[in-house]
Each structure stands twice: as C-alpha cells, then as structure tokens.
Undergrad: 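Got a structure for you, questions after.
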Number of protein chains: 2
Amino acid sequence: MSLATTGVPNLDWTDPECPVARALDLVGDRWSLLVIRDAMDGARSFTEFQRRTGIARNILTDRLRRLIAHGLLAQRAAPSGRRREYVLTDAGRDLFAVVLTLRQWGERHAFAPGEAHSVLVDRHGAPVPEIAPTGADGAPLDTDTTHVRKAR
Amino acid sequence: MSLATTGVPNLDWTDPECPVARALDLVGDRWSLLVIRDAMDGARSFTEFQRRTGIARNILTDRLRRLIAHGLLAQRAAPSGRRREYVLTDAGRDLFAVVLTLRQWGERHAFAPGEAHSVLVDRHGAPVPEIAPTGADGAPLDTDTTHVRKAR
DNA sequence: TCAAATTGGTTGCAATTTGCTACTTATTGG
DNA sequence: CCAATAAGTAGCAAATTGCAACCAATTTGA
C-alpha cells in the first residue's frame, strides 16, 4: 500500500467512483470500525484494543497498521511516560456520524424490544437524538426520495 | 442461524450489548452494505446485484440469504411475470442513514481534492446536505462531547 | 534491586472464508 | 423449437482469520 501525494490511499478500489464503496474499502471489514469505536471511547493501547474487541492479536496488529496507513489512526508519544499510543486522526474522528448511525440502526433493529443495551449520551447525560437525513428544504430523505447521480 | 420470536436474529454476537457491534455482525462484512446500496439504487435481481458489485456468485448467494434471514431483504413475486425479486424490508431501508454517512465520509476522505465521484441527489436534483450529529439543544456532537453509558 | 508482570508485538499452523471456473436447471424471447 | 438469460451449485485453490506459543523491552512492586 502506498499513499498518493494527496493523502488518499492508492489501492485497488472495489468501485472507484462510489464513495460508499471507497469508504468500505477502508473500514468495511469485520474489525476496523470496532477498533474505531473503541478509540472513540478512549482506548489507546494495543492491549486495550485487544481486550475490548477480542480480536486476534496478529489481526489487530494488521488492522492498526492499516488504519494508520490510511490516515484514520496515528501513533504519538503518550503524555505520561515513554510508550507510544494510538489516537484518532481528524479523518478517524470524522467517522463519528457513521458509528452513530450504525449504533442507532442497531438499537432499532438488532435488539429485542426491551432488551438492554448501552446508550450514547452527551455531556449532560442526555441520550443523543436520532439522526434523520433531511434535504435542503427540511423534508426527510430516504431511499425513495433520493438517487445517485453518476460522476462525470 | 435461527430467528428469535422477536424477529431479532439469535447468533453469537461479537459484543452483545453494543448496538454498533450488533449492527456490524449483521452488515459489517465486505459485501453486505454494497448489496444494500445497490438495492437502494434499484437493483432487484441476482444478476443485477452480481453485475453491480462484482461479488463472486456463490458469495452473493450466501449474502442474499443472510440478509433475508436477518430481515433486511425479502423476496417477493416480481410485478411483471413469474420470477421473484429481492426488495428491501423496512429494516433494510432504514440503513439509509448508515449508507449516507458512509458516502459522505467517503466523499470527504477517500477522494483526492477535485477527483470525480458520484453524488446523492434529491428529487429536484439538489445534492443531499451533509449530516451533522447534534444534541437535543442543537449543539454539534462528536467523539469528545459524548460517551457510552453501559447497559444496566 | 531484581524478579515478576505487562506491553506490544511475531511466528507457525489450522480452520474458515473468499474467489474462480465450470456445470446445471428453469425461463424467456423470437 | 432454439438460443440466450437468470439463478443458482459444485469443486477446488487462494487468501484471510484465529489460536497458541514465543520473545524482547518496559514497568511495577516487594
């Protein structure tokens, strides 16, 4: 894998002109988004990621390197002490909306009614409101009211 | 794989109480979300999914069955003729926000500046605005201003 | 201080998943 | 009726993942 001069990875895209496909080429495997989730939730060390995700250690090694190579994670010196730690880059932090919509979809469709699950809350402890895609005019958008316009 | 009486699949969750992890257990593989993307964009037949995604045929067979088993796709008789077609269920259509945020992240971070890509537009041809997670008070939310509250 | 535990890996091998290339069995369409 | 298309299946090779053991540096605690 190599980086183009633009910072955008230069790999064999599954579907080069589709942003969804490109995003999935970067984080659409079994583990990457869980690593990102845990980084968002404060994980910083190899051991901590391993403990939280349960991922195999050699695969975690690979994923952390991939995420660094793709610019979603970075390694920097830990504030206290000499060891290095993994931190999200701006691009990594920007996956917040993706992880949030996945979470909200999971809450709606992957739990039995009344079944307990963790909740994302803001600084005041209030649950984060559900995201509802809307158009410029404020009307709710969905599959039926939108379509893809091909790149030119 | 079996379905619980609630309609929620009953599998070995990677992390049972995390909605993000559960969502990824359902659609977090290499291909499922691309199949969903194409279904949202009008694909209905096996051949059409195969052509658009480029996925191996045996894997596509498996993914379509998984998505049906998990309640994201359904098969129904095609309006014209005898053949059956694949259509999104409500749960499948509800992945709209997930696919949209993935798309928007991809547009921001997986393309070189100025590089061409497809765009999602509404009925009037206007590009869909970017999603920005906000709290109940309207303040923008991100990784730094939210945290996960464990299930009780 | 010095041994034990922890961190951050690596290595080798087995099991699982994926992809490729046929082959098959309905339907259509002309 | 014949050929093309749709929707898979089957078999096997290649790639990915997981497991368990091993290893070198820190860090910690008695």
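A note on names: the letters A, B, ... follow the listed sequences, proteins ahead of strands, and every chain is numbered from 1.
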Undergrad: Round to the nearest Å and state the distance from A:R51 atom CZ to C:dG9 atom P.
TA: 17 Å
Undergrad: Please tell me if B:S45 has a side-chain N or O lying less than 4.0 Å from either OP1 or OP2 of D:dA7.
TA: yes
Undergrad: How is A:T61 classified with respect to the nucleic acid when contacts are heavy atoms under 4.0 Å: base, sugar-phosphate, or nothing?
TA: base
Undergrad: Answer yes or no: is there a donor N or O on one side and an acceptor on the other, between the side chain of A:S32 and the main chain of A:D29, under 3.5 Å?
TA: no
Undergrad: Find the distance B:Q50:CD to D:dT9:P and express it as a whole number of Å.
TA: 14 Å
Undergrad: Counting only side-chain nitrogens and oxygens, does A:Y86 get under 4.0 Å of the OP1 or OP2 atom of C:dT7?
TA: no
Undergrad: Toward the 5' end of DNA chain D, which comes first, A:R83 or A:R63, by nearest nucleotide?
TA: A:R63
Undergrad: Taking for each residue the nucleotide of DNA chain D with the nearest heavy atom, is it A:A56 or B:F46 whose nucleotide lies nearer the 5' end?
TA: B:F46
Undergrad: What contact category does B:R65 fall into here, base, sugar-phosphate, or nothing, at under 4.0 angstrom with non-hydrogen atoms?
TA: sugar-phosphate
Undergrad: Would you please classify the geometry between the A:F49 ring and the A:Y86 ring as parallel, tilted or perpendicular, with 30° and 60° separating the classes?
TA: perpendicular
Undergrad: Under 3.5 Å, is there a donor-acceptor pair between the side chain of B:R103 and the main chain of A:P19?
TA: no
Undergrad: When you measure from every atom of DNA chain D, which of residues 27-37 of chain B have a heavy atom less than 4.0 Å away?
TA: none
Undergrad: Just by distance, do the side chain of A:R63 and the backbone of A:W31 share a donor-acceptor pair under 3.5 Å?
TA: no
Undergrad: What is the separation between atom CG on A:D62 and atom C1' on D:dG18, rounded to the nearest whole Å?
TA: 13 Å
Undergrad: Testing the 3.5 Å rule here: is there a donor-acceptor pair between the side chains of A:T61 and A:N58?
TA: no
Undergrad: Just how far, in rounded Å, is P of C:dG8 from CD1 of A:I59?
TA: 18 Å
Undergrad: Quantified as the angle between the terminal helix axes (five pairs each), what is the overall bend of the helix from C:dT1-D:dA30 to C:dG30-D:dC1 to 10 degrees?
TA: 30°
Undergrad: A:D12 CG to C:dG19 P: how many Å, rounded?
TA: 13 Å
Undergrad: Answer with yes or no whether B:R57 presents, from its side chain, a donor or acceptor under 3.5 Å of a partner atom in the base of D:dA7.
TA: yes
Undergrad: Check whether B:Q104 reaches the backbone of B:P129 with its side chain - one donor and one acceptor, N or O, closer than 3.5 Å.
TA: yes
Undergrad: Within this structure, what is the CZ-to-C1' distance between B:R84 and C:dA26, rounded to whole angstrom?
TA: 15 Å
Undergrad: Walk me through whether A:V128 and A:V121 qualify under side chain to side chain contact (heavy atoms under 4.5 Å, CB included).
TA: CA-CA 5 Å; A:V128 173; A:V121 298; 5.8 Å; no
Undergrad: Between B:T14 and B:L24, is the side chain to side chain contact (heavy atoms under 4.5 Å, CB included) condition met? List the steps.
TA: CA-CA 9 Å; B:T14 300; B:L24 290 173; over 6 Å; no
Undergrad: Give a yes or no on whether a salt bridge exists between B:E130 and B:R108, defined as a side-chain N under 4.0 angstrom from a carboxylate O.
TA: yes
